[in-house]
There are 2 protein chains.
Amino acid sequence: MNKASGPTNYDELRGAIAQRHRTLSGRLQQIAEFVLDHPTDVALGTVAEVAQRSGVPPSAIVRFAHALGFGGFTEMQQVFRSRLVAGVAPSYKARLARMKSEEKSVLGRQPAAVLSRFVSEAQSALAALSQSVHARELDAATAILAKARDIYLVGLGGSFPVATHLAYVLRKLGRRVVLLDGTGGSIHEQSHAATRDDALVAISFRNYYTDTARLFAELVGRGVPTISITDSLLSPIAEGASVVFEIQDMPEPALRTLVAPMCLVQALAIGLDLAVD
Amino acid sequence: MNKASGPTNYDELRGAIAQRHRTLSGRLQQIAEFVLDHPTDVALGTVAEVAQRSGVPPSAIVRFAHALGFGGFTEMQQVFRSRLVAGVAPSYKARLARMKSEEKSVLGRQPAAVLSRFVSEAQSALAALSQSVHARELDAATAILAKARDIYLVGLGGSFPVATHLAYVLRKLGRRVVLLDGTGGSIHEQSHAATRDDALVAISFRNYYTDTARLFAELVGRGVPTISITDSLLSPIAEGASVVFEIQDMPEPALRTLVAPMCLVQALAIGLDLAVD
DNA sequence: CATAAAATGAAACGAATATTCTGACCGCCA
DNA sequence: TGGCGGTCAGAATATTCGTTTCATTTTATG
């Protein structure tokens, strides 16, 4: 039965698995998902190990290899191993390719060059973030959120994704969140119930939405503790805030990747969750 | 006999071999030179294979392992294998750092430590992104978006911020965008008008929303060109898509920073804008 | 509902593996 | 020359491995 031979390299194998995934039966689908998620385990493990980690009997692993056209598990494993040996010395090749694409970034209207440009820009934005944010601000913000009954979030326009992400994570962690998105009325109506026992997280970058600024001023006036995430200490949501996170060098709205504020709000939410235990 | 344990990583092993090389006896020196020249063979081969290629009997290989402080060949082989997995997986370093910080969970609970952890995780996610996304896929996706009359976007739950960000940027660039958010009815009603002259960008990660999957299948069936951003080739929005961007190693929903997909959609939008001139 | 077909999992088989053991070999010094 | 410590290669062994088999369950089909 060794006549039939399956894919010969890892990419082909992935394609073959994805293609046949629907037609495979339950157990085999389960194995397909596992091997795509843990290719290294398959490359280095034994049948018994792979079987145990994926929660199936060993015979099912062999059946899976047969279904893909291999003569057995060992034959399929060779493909996974080829991925490992190919990846062991990628540094030179990858760097060469990267430098080439970065060179072309001057000419570079090609989408690949655009991507690598944004990636490197995001990298430096993250580096700047961890340097500019201090522990004192993080601690203060965490304390405010920990005491808050309801957490109000506002971020309009280009900052809306950041607000929705923070809302999502906080809700996952069991917090009561009011996301001010303005649907079905004004954000002022939505925030009417906010008191000094609650908290507001405001996110806004140039050009600042006047709605965000007005709402911020109103809640500050009512004594609501406020955390601002913005790009300047002179922004309309900086003065009066309990804590200000300043994220500098934000590009113009259409060119933002938002990675820095996304990372920050993530850390705020998780840090809050870890702190209250 | 497991008392003696040799070096635990490849660099230590190389140092140990170089150091003891003089004191080793003839056959063992011969083996030492071979394993330093062919580490991959040692990592993936059997004792018999390594013995044959290096021109020594199998028992000599085992004695060599013993001489280095290992309990046997298998134990030494683990070190050579660790070298392989370290080279292929860019997230290896990040996971290591994560485990370390989780070990130090006492310090790791401070918000500042949480932030730096997410930052470093985001860094490696970006590195993995630029390595896994190929120019071919970017070009194909750009071509689809360029031809589209209306661009439909769907991303629910944790992926919603990505969808809103893409919608924002595309609208800034003058594209006609329909963001399927389900407000005021089902997303199926909102997408009723989509035709093969339009395009759909679907974003979904584990656990996949069934609404996203259903909508995706429906529009694919209607012949609408589709770009999928997901975390597995086996995800419900992969099969039938015109282009699939696979972003691997996405953490569990509450711990995602979304930096990789955010960066990708940004590059897609800007790349589209530059390409149509 | 009855029957056939396919899929599944536990166990057993044979092959291949890493390791240990034994006797022979070599250089060294008295 | 004759013993001696260390090294060696090859056979012996116990273990582990991949694969197959088969009874049972599940699923599809009439």
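Just so it is clear: chains get the letters A, B, ... in the order the sequence lines come, proteins before strands, and each one is counted from 1.
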Rounded distance in Å - [atom1] ([X]) to [atom2] ([N]):
X        : N       : atom1 : atom2 : result
Arg27(A) : dA10(C) : CZ    : C1'   : 13 Å
Leu24(B) : dG6(D)  : CG    : P     : 15 Å
Ile31(B) : dC8(D)  : CD1   : C1'   : 11 Å
Phe70(B) : dT19(C) : CZ    : C1'   : 17 Å
Glu75(A) : dC17(D) : CD    : C1'   : 17 Å
Phe73(B) : dT15(D) : CZ    : P     : 20 Å
Gln77(B) : dC17(D) : CD    : P     : 12 Å

Close side-chain approach of Val154(B) to Phe160(B), heavy-atom, < 4.5 Å: no
Residue list, ring pair (Phe, Tyr, Trp, His ring centres under 6.0 Å) with His38(A), at least two apart or on another chain: Phe34(A)
Ring pair (Phe, Tyr, Trp, His ring centres under 6.0 Å) against Phe80(A), all qualifying residues, sequence neighbours excluded: Tyr10(A)
side-chain contact (heavy atoms from CB on, under 4.5 Å) partner of Val201(B), the single match among Leu166(B), Leu170(B), Val177(B): Leu166(B)
Closest listed nucleotide, where the reference is the side chain of Ser25(B) and the choices are dA7(C), dC8(D), dT19(C): dC8(D)
Residue Thr74(A), side-chain atoms from C-beta onward, closest of dA18(C), dG18(D), dT8(C): dG18(D)
Residues Arg53(B), Asp37(B): salt bridge by 4.0 Å N-O rule: no
Carboxylate-amine/guanidinium contact Asp211(B) Arg214(B), below 4.0 Å: yes
Terminal helix-axis angle for the helix from dC1(C)-dG30(D) to dA30(C)-dT1(D), with five pairs defining each axis and rounding to 10 degrees: 10°
With Ser59(B) via side chain to side chain contact (heavy atoms under 4.5 Å, CB included) - residues at least two apart: Pro57(B)
Residues which pass side chain to side chain contact (heavy atoms under 4.5 Å, CB included) with Gln78(A), listed by chain and number, not counting sequence neighbours: Arg81(A)
Backbone of Val56(A) reached by a side-chain donor or acceptor of Arg27(A) within 3.5 Å: no
N or O in side chain of His66(A) less than 4.0 angstrom from dT20(D) OP1/OP2: yes
Positions of residues 44-64 of chain A (non-hydrogen atom under 4.0 Å from DNA chain C), listed by number: Pro57(A), Ser59(A), Arg63(A)
